[in-house]
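For reference, the structure discussed in these notes is given below.
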Amino acid sequence: MKIASWNVNSLNVRLPHLEQWLATFGPDIVGLQETKLEDSRFPDAALVGAGYRSVFAGQKTYNGVAILSRAPAEDVQVGIPGFEDEQKRVIAATVGGVRIVNLYVVNGQDVGTDKYAYKLRWLEAVHDWIAQELQRHPELVVLGDFNIAPDARDVHDPAVWNDDHILTSTAERDGLRRLCALGLHDAFRLHSDVAGEFSWWDYRQAAFRRNLGLRIDLTLVSDALRARCVAAGIDREPRTWERPSDHAPAWVELGA
DNA sequence: ATGGTGGTATAACCA
């Protein structure tokens, strides 16, 4: 079973890319972020044509998340229970017995800003909620655009992307570490210790061509799924297509 | 330090 995460940066613009990628990569489950669509405009009929059902939580212009799956999605949860948030950043569902939590983590703008404080608060709320989810659903995958690069291997220039920089700051990385300490494992790192494999490249400065990227799109698997995690990676191909998202899909494969 | 690009309430704002 292949499970993926992709920040599409506008599903309206990227639907043809998504359809092409679904047809070639053939994931069983995909978490999408930054759909930037109200629910009434979600292209669920087109995706049925591609063989996928959709559950989604969107808004105009910003944010928006969805889970696509070949098998039905059950027990759908939108948002973090008990955490008031206008921004559509969280959707969870159970597919084929596996609980999928899809996150569009707050970007945070710059260290010390109000948005940064919101990011840290939001991460703490996610942490407390995931602790409960793990009790109810030991077979859990937390995936998404984390807007945090776990360590120095995951950035092209550790001198710039340091302890004081947004997406790599100590407090952000501590937030991710605390989440993982609940019993979640970065699937990519179960299979590789290479540096320089990224999932996001800025549109500016020809960053993709020069591989000036970060690995901020993650798939985390729970203790109970760890032994079934047979492979993980990042599919750079859609980032090479014309008018791409700035993110590439990150994926994990679970064996039987 | 700035600004570069791309998305969308097409003007700022967000990333």
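Every chain is numbered from 1, with letters handed out A, B, ... down the list of sequences.
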Hunt down the Watson-Crick or G-U wobble partner of B:dG3, both distances under 3.5 Å, from any strand shown, or write none.
none

Out of B:dG4, B:dA15, B:dG7, minimum distance to the side chain of A:Tyr62 belongs to B:dG7

Rounded distance in Å between the P positions of B:dG6 and B:dT2
23 Å

For a quick check of understanding: with a heavy-atom distance under 4.0 Å over all strands, which category does A:Tyr104 fall into, base, sugar-phosphate or nothing?
sugar-phosphate

Any A:Arg14 side-chain N or O less than 4.0 Å from OP1/OP2 of B:dG7
yes

Quickly work out the A:Glu34 CD to B:dC14 P distance and round it to whole Å.
13 Å

How would you label the contact of A:Arg209 with the nucleic acid (heavy atoms, under 4.0 Å): base, sugar-phosphate, or nothing?
nothing

Could you walk me through whether A:Thr219 and A:Trp251 pass the side chain to side chain contact (heavy atoms under 4.5 Å, CB included) test, one step at a time?
CA-CA 7 Å; A:Thr219 59; A:Trp251 57 270; 5.8 Å; no

May I ask you to check whether A:Trp241 and A:Trp21 place their ring centres under 6.0 Å from each other?
no

Euclidean distance, atom CG of residue A:Asn12 to atom P of B:dG6 [Å, nearest integer]
17 Å

I need the CG-C1' distance between A:Asn63 and B:dG7, as an integer number of Å.
13 Å

Is there a path of hydrophobic side-chain contacts, each under 4.5 Å between heavy atoms of I, L, V, M, F, W or Y residues, that connects A:Leu176 with A:Phe83?
yes

Rounded to whole Å, CG of A:Asp246 lies from C1' of B:dG4 at a distance of 14 Å

Give a yes or no on whether the backbone of A:Leu218 and the side-chain of A:Ser5 come within a donor-acceptor separation of less than 3.5 Å.
no

Between A:Arg41 and A:Val106, which residue's closest nucleotide on DNA chain B lies nearer the 5′ terminus?
A:Arg41

Ignoring backbone atoms, establish whether A:Ser10 has a side-chain N or O less than 4.0 Å from OP1 or OP2 of B:dT8.
yes

What is the distance from OH of A:Tyr116 to P of B:dA15, rounded to the nearest Å?
15 Å

Want to settle it: does A:Trp200 or A:Gln205 sit nearer the 5' end of DNA chain B, counting the closest nucleotide to each?
A:Gln205

Taking the side chain of A:Lys115 as heavy atoms from C-beta outward, which of B:dG7, B:dC14, B:dT8 is closest to it?
B:dC14

Check: A:Arg41 and A:Leu11 side chains under 4.5 Å, non-hydrogen atoms
no

Looking only at B:dA15, B:dA9, B:dG7, the nucleotide nearest the A:Lys60 side chain is B:dA9

In whole Å, I'd like the distance from the CZ atom of A:Arg239 to the P atom of B:dG6.
9 Å

Pairwise C1' distance, B:dA9 and B:dC14 [rounded to whole Å]:
13 Å

Considering only side-chain heavy atoms of A:Asn9, which listed nucleotide, B:dG7, B:dG3, B:dA15, is closest?
B:dG7

Could you state the CZ-P distance from A:Arg204 to B:dG3, rounded to the nearest angstrom?
12 Å

Nearest-angstrom distance, P atom, B:dG3 to B:dC13:
16 Å

Distance between the C1' atoms of B:dA15 and B:dG4, in whole angstroms?
14 Å

Any side-chain heavy atom of A:Asn9 sitting closer than 4.5 Å to one from A:Lys36?
yes

Nearest to the side chain of A:Thr61, which nucleotide is it out of B:dG6, B:dA15, B:dA9?
B:dA9

Expressed as a whole number of angstroms, how long is the span from A:Gln59:CD to B:dC13:P?
17 Å

